[in-house]
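FYI, the numbering just counts along the sequence from 1. Note: hydrogens, waters and symmetry copies are ignored here, and every other heavy atom, side chains too, is used.
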Amino acid sequence: MQKLKRIAAMIGVIFLIGMYVVTLILGLTASPATQNMLMASIVCTVVIPVLLYAMMLVARVLGHSEEEPPAREKTEKKSSSDEKKKRNH
């Protein structure tokens, strides 16, 4: 699994570097046809890393929910069990 993550990370790095190079090349060319491609490249250069970061955050949150409940749920369960003990005594 660790090897798969490293390969995916390297592919992502190569992809991002490629986007930056394409953006630079399109920015240096003076053809009117490249203006739309340059704008699309700039948007992708910003949007794709943001989306990847958001997906990593969601995966991290969803991955921990299966292992153990968040701290807030633990305290709620603990306080409700404390209340039950007080009622029984």
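Taking hydrophobic clusters as Ile, Leu, Val, Met, Phe, Trp and Tyr residues chained together by side-chain heavy-atom distances below 4.5 Å, Val13 shares a cluster with Val21. Leu52 and Met19 fall within a single hydrophobic cluster, where Ile, Leu, Val, Met, Phe, Trp and Tyr side chains are chained together by heavy-atom contacts under 4.5 Å. Hydrophobic clustering (side-chain heavy atoms under 4.5 Å, transitive across Ile, Leu, Val, Met, Phe, Trp, Tyr) keeps Met39 apart from Val47.
The backbone N or O of Ser41 lies less than 3.5 Å from a partner atom in the side chain of Thr45, making a donor-acceptor pair.
In this structure, Ile14 stands alone, with no Ile, Leu, Val, Met, Phe, Trp or Tyr side-chain heavy atom under 4.5 Å from its own, directly or through other members. Here Met56 is tied into one hydrophobic group with Tyr53, Leu57, each link being a pair of ILVMFWY side chains closer than 4.5 Å.
Among all heavy-atom pairs drawn from Pro49 and Cys44, the shortest one is CD-O, 3.7 Å.
For the atom pair Tyr20 OH and Ile42 CD1, the distance stands at 12.0 Å (nearest 0.5 Å).
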